[in-house]
S.K.: 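Below is one structure. I have some questions about it.
Heads up: numbering here begins at 1 and tracks the sequence.
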Amino acid sequence: MDAVKNPFAPGAGSPPPELAGRDDLRETVRVAVERTRAGKSARSVLMVGLRGVGKTVLLDRMRDDAEASGVHTIRIEAPEDRSLPALLAPQLRVALLRLSKLAHAKDLAVRSLRALAGFAKALKVTYGDIEVGLDYEGEPGLADNGDLEHDLQELLESAGAAAKAAGTALVIFVDELQYVPEPQLAALITAMHRCAQRQVPVLLVGAGLPQLRGRMGNAKSYAERLFTFPEIGPLSADAAVRAITRPIEAEGAEITVGAVERILADTRCYPYFLQEWGQRSWEVAVESPIKADDVEQATTTAVAALDESFFRVRFDRLTPQEKRYLRAMAELGPGPHRSGAIAECLKREVSSLGPVRSALIGKGMIWSPSHGDTAFTVPLFDEFMRRIMPGEDWRT
């Protein structure tokens, strides 16, 4: 098989050759964007799901869809060590400069740029990582109180007014939203609520791990009424088949039914793993069609590749205590597991493991589907933990 023609693209956020099984959600966001642009009410959309389900890819495709329709967008990713104002300010500046070039929106866009200047200067004391070019002097009293919750409301409302004057909308796309600290999440929720109340066309489309839903509710109790939280999971069997077969057929090759069934079984239909198995199966196959025997060989290399990258990069961030906690979870199976069962496996008191569990939630390694339950955020991570920490030595 020609390596140059290999259609599969495993990688963090790498777009797959066939984005299968997500059309309904893309349509949901498209409708929300168009309603927002038309001045009608629409709830912002926050996608939640485990690692490897394609949230980042889907977020980027939605942004492409929005921009293709003429909507103004900004895109940020929230790492663990940056503040939301620092991430938002430079991207918002770019969007406002674009709006300022439109005749109908110029005055309001310039006013919003003045609001941004006041916002950045006033909050620099609290959020020292804010770095943004200032094109105008701030307007006294506009988004410059130094209180994030108040100032972000005024800033986004002014940006929305400029978008409205231009006959368009401003859509903010945020990835890894679960890493935003709760006080900053609260400010963002309040600002989106204000935009909805004032009927300015600003929409938020975000993505994060499953704990995002609870964190939004903790930040502001009315978040569940302001946002929708669609769950992104593994693909359906039909969609997974399309994700594998269509790229292969587009390159003039074929794959047997048995080979596809083996890939679906090994990957549990998770999009990232489908790409990994598809790539490795193409590499192993000598000729078309790709057969089940090829997939069996590819599984060995695919698992090894995941162990060295997708899984290992997360494992290496853990303390020895955190690794033992996850190994105990793996001993119990894929999960979710009761905290008491994990503690019993480790021969520890549940209360003594609270800090470890909290740290793992903070690192995005586990989440709590319900009170007292704990589950992995990374699919198949239980199998990896058993491979990397075999035997019984991990208990000591």
S.K.: Between D266 and R262, is the closest basic N to carboxylate O distance under 4.0 Å?
M.R.: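 Result for this pair is yes, salt bridge flagged.
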
S.K.: So does E27 have more than 12 non-hydrogen atoms from other groups sitting under 6.0 Å from CD?
M.R.: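 Above 12, so yes.
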
S.K.: Might you confirm whether atom CG of D24 has over 12 heavy atoms from other residues, nucleotides or ligands at distances under 6.0 Å?
M.R.: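 No, the 6.0 Å shell around CG holds no more than 12 heavy atoms from other groups.
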
S.K.: Thinking salt bridges, do R75 and D60 make one under a 4.0 Å N-O criterion?
M.R.: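 Looking at R75 and D60, the cut-off is met.
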
S.K.: Would R314 count as a cation-pi partner of F310, with NZ or CZ less than 6.0 Å from the six-membered ring centre and within 45° of the ring normal?
M.R.: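 Positive - R314 is close enough to the ring of F310 and near enough to its axis.
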
S.K.: What pairs with E392 under salt bridge (charged side-chain N to carboxylate O under 4.0 Å, His left out), at least two apart in sequence or on another chain?
M.R.: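 By the salt bridge (charged side-chain N to carboxylate O under 4.0 Å, His left out) rule, E392 matches R395.
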
S.K.: Quick one: does L148's side chain get under 4.5 Å of P85's, heavy atoms only?
M.R.: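 Yes, side chains in contact.
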
S.K.: Residues in salt bridge (charged side-chain N to carboxylate O under 4.0 Å, His left out) with D393, at least two apart?
M.R.: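 With neighbours one apart ignored, the set is empty.
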
S.K.: Please tell me whether S288 and E254 have a donor and an acceptor in their side chains that are separated by less than 3.5 angstrom.
M.R.: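 No - no donor-acceptor pair under 3.5 Å links their side chains.
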
S.K.: May I ask you to check whether over 12 heavy atoms, not counting those of K124, lie within 6.0 Å of atom NZ?
M.R.: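 Counting other residues, nucleotides and ligands, NZ of K124 exceeds 12 neighbours.
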
S.K.: Would you say T319's side chain and E322's backbone share a donor-acceptor pair under 3.5 angstrom?
M.R.: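 Indeed, once roles are kept as given, a pair shorter than 3.5 Å links the two residues.
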
S.K.: Taking only Lys NZ, Arg NE, NH1 and NH2, and the carboxylate oxygens of Asp or Glu, determine whether K55 and D175 approach each other closer than 4.0 Å.
M.R.: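 Judged by the 4.0 Å cut-off on N to carboxylate O distance, K55 and D175 do not form a salt bridge.
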
